[in-house]
Amino acid sequence: MAKFKKIKVPKEGQKITVVKNKLTVPDDPIIPFIEGDGIGPDIWRATKMVLDASVDKAYKGKKKIVWMEIFAGEKAVKVYGKNKWLPNETVDAIREYVVALKGPLTTPIGGGIRSLNVALRQKLDLFACVRPVKYYAGTPSPVKRPQDLDIVIFRENTEDVYAGIEFKARTKAANEIIEFINKGYKKNIREKSGIGIKPISKFGSMRLVKKAIEYAIENNRKSVTLVHKGNIMKFTEGAFKEWGYEVALKEFRDYIITEDELWDQVKGPDGVTPMTKPGAFKKLRGGKPAGNPGSRIVVKDRIADQMFQQLLLRPSEYDVVATPNLNGDYLSDAAAAQVGGLGMAPGSNISYFTGLFEATHGTAPKYAGMDKVNPGSLILSGVMMLRYLGWKEAADKIENSIKKTIRSKVVTYDLARQMKGAKKVKCSQFAKEIVKNMK
Ligand code: NAD
């Protein structure tokens, strides 16, 4: 066990472990948390209140989260000293305790770190960014039928233009690369261009798509859509699509059907392909594949730009989405806006087992310490975390209570200003209201 310098390991509680490729969760797991900068402390307090209450109400003392504070961002600099934005022991603690919750972090200016979030993802190899996007009735939304959108986006987290391989225009490196490509491969990159590299590997694509399909099977979802821009970027985005289908067919043949196969095999009346029936996959969970192609998970693909239209025009046709890094970045914020914005959008970054659950918005520094903002994103990330632990009862309690609280129009400023007849409350009051409405 690692010895920490500043992290105080609680006396009570036990570690979550991975045994025989399975997450093993004790009744009193120690879960590290990073409070976060700016509005972080406000939304963390609210979140802790709601999560603890839900576990208490769901399991009546039989289960309990034992929180352990770990440090990143401005608080880490306070605790560990100058430029220590992301101490090694923070990363070690997440690795060792497997599951953690995190508030938003300031991006340090200077100091050699581009982004703490990107650094955490890379150090822990958190290769999938998972963002569920669904509507909570009553939340103000810019679209007519926000309830039709209920998707889970799996965004590849480690490759693509986000790999950070960039060369500034007119530098020696940029000039050398331009010359190498122009001369060696008869291309015509303009002189003095800046250069960015977009690596997309078979390994990275396949493990991401595999995660997405596993999630679809375990959670009884209807389809997995590979979103790519392969019509233009054939050997990166196009290859992502090809490798996605390859892993789907190789590892999940009995569970999936491709859209093309579905068109060929199961034409409904008027030649229209019937949608798969929700509920049909429950039987898959015991490892028994369903024989009927109509009850398999449909694996399909869409070009990225068209996908933005599709999510607005035909949202109900999409379910789980798997996509490279940059598409995923755009798509998850756009989809979140459709159901009421980032204040309510949860997220997680996961590896094979390690899971870091986090608010998807930033530190909103102008509201820091005002007890004002919406804690919904971090609370719902906590709900995702509870589901990851298998604590479904507690997760359901929070979701139902958030629905009730929003329907009753007792909400924070961001939602209140868009709702008629709403009662505006502080961040902490919103959390108390959620606890009060919890059955
Ligand atoms: P931001 O998300 O912090 O704020 C943008 C605006 O969104 C805010 O002014 C506020 O109006 C609104 N907002 C954000 N969270 C809200 C909430 N919970 N409730 C209600 N309204 C909310 O984005 P920014 O201003 O671009 O970034 C500020 C800092 O946060 C930067 O240092 C940035 O690098 C960092 N950041 C961190 C993360 C992260 O840790 N995951 C993500 C994005 C930005």
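Atoms within a ligand are numbered from 1 in the order they appear, just like the ligands themselves.
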For P104, counting its heavy atoms only, list the atoms of ligand 1 lying under 4.0 Å from any of them.
40 (O)

Run the numbers for me: atoms of ligand 1, each under 4.0 Å from some heavy atom of T106, listed by number.
32 (O)

Which atoms of ligand 1 have any heavy atom of Y367 under 4.0 Å away?
10 (C), 11 (O)

Taking distance alone, with N or O pairs closer than 3.5 Å, would you say A364 contacts ligand 1?
yes

Apply the side-chain contact (heavy atoms from CB on, under 4.5 Å) test between D301 and each candidate in T225, V224, L226; give the one that qualifies.
L226

Run the numbers for me: atoms of ligand 1, each under 4.0 Å from some heavy atom of K366, listed by number.
9 (O)

Going by distance only, is there an N or O of N117 that falls short of 3.5 Å from an N or O of ligand 1?
yes

Atom 42 (C) of ligand 1 protein-contacted (non-hydrogen atom, under 4.0 angstrom):
yes

Name of the residue among K62, E12, Q14 meeting side-chain contact (heavy atoms from CB on, under 4.5 Å) with D28:
Q14

Tell me if the NZ atom of K123 is crowded by more than 12 foreign heavy atoms within 6.0 Å.
no

Of the options N327, T236, T323, D305, which is the one that meets K229 in a side-chain hydrogen bond (donor to acceptor under 3.5 Å, both in side chains)?
D305

Flag: protein heavy atom within less than 4.0 Å of atom 26 (O) of ligand 1
no

Less than 4.0 angstrom from a charged side-chain N to a carboxylate O is my criterion; do K15 and E96 meet it?
yes

Quick check on E191: does its CD atom have over 12 non-hydrogen neighbours (other residues, nucleotides or ligands) under 6.0 Å away?
no

Closest non-hydrogen protein atom to atom 29 (C) of ligand 1, residue and atom name please, with distance?
T363 OG1, 3.0 Å

Report, in ascending order of atom number, the atoms of ligand 1 lying under 4.0 Å from any heavy atom of L105.
35 (C), 36 (N), 37 (C), 39 (C), 40 (O)

I'd like to know if D333 and R131 make a salt bridge, using a cut-off of under 4.0 Å between side-chain N and carboxylate O.
yes

N or O contact, N374 vs ligand 1, cut-off under 3.5 Å
yes

For H361, is at least one N or O under 3.5 Å away from an N or O on ligand 1?
yes

Please say whether the positively charged group of K63, taken as NZ for Lys or CZ for Arg, lies over the ring of Y59, i.e. under 6.0 angstrom from the six-membered ring centre and within 45 degrees of the axis.
yes

Heavy-atom contact under 4.0 Å between K372 and ligand 1?
no

Classify the contact between M344 and ligand 1 as side chain, backbone, both or neither, using a heavy-atom distance cut-off of under 4.0 Å.
neither

Quick check on contacts: which atoms of ligand 1 are under 4.0 angstrom from a heavy atom of T107?
32 (O), 33 (C), 34 (O)

Would one find more than 12 heavy atoms of other residues, nucleotides or ligands at under 6.0 Å from atom NZ of K84?
no

Short N or O distance, G362 and ligand 1, threshold 3.5 Å exclusive
yes

Atom 21 (N) of ligand 1: which protein heavy atom is closest, and how many Å away?
Y413 OH, 3.1 Å

Strictly below 4.0 Å, N to O, side chains only: are E35 and K48 in salt-bridge contact?
no

Do R302's NZ or CZ and the ring of Y318 fall within the cation-pi criteria of under 6.0 Å and 45°?
no

What atoms of ligand 1 come within less than 4.0 Å of a heavy atom belonging to D414?
20 (C)

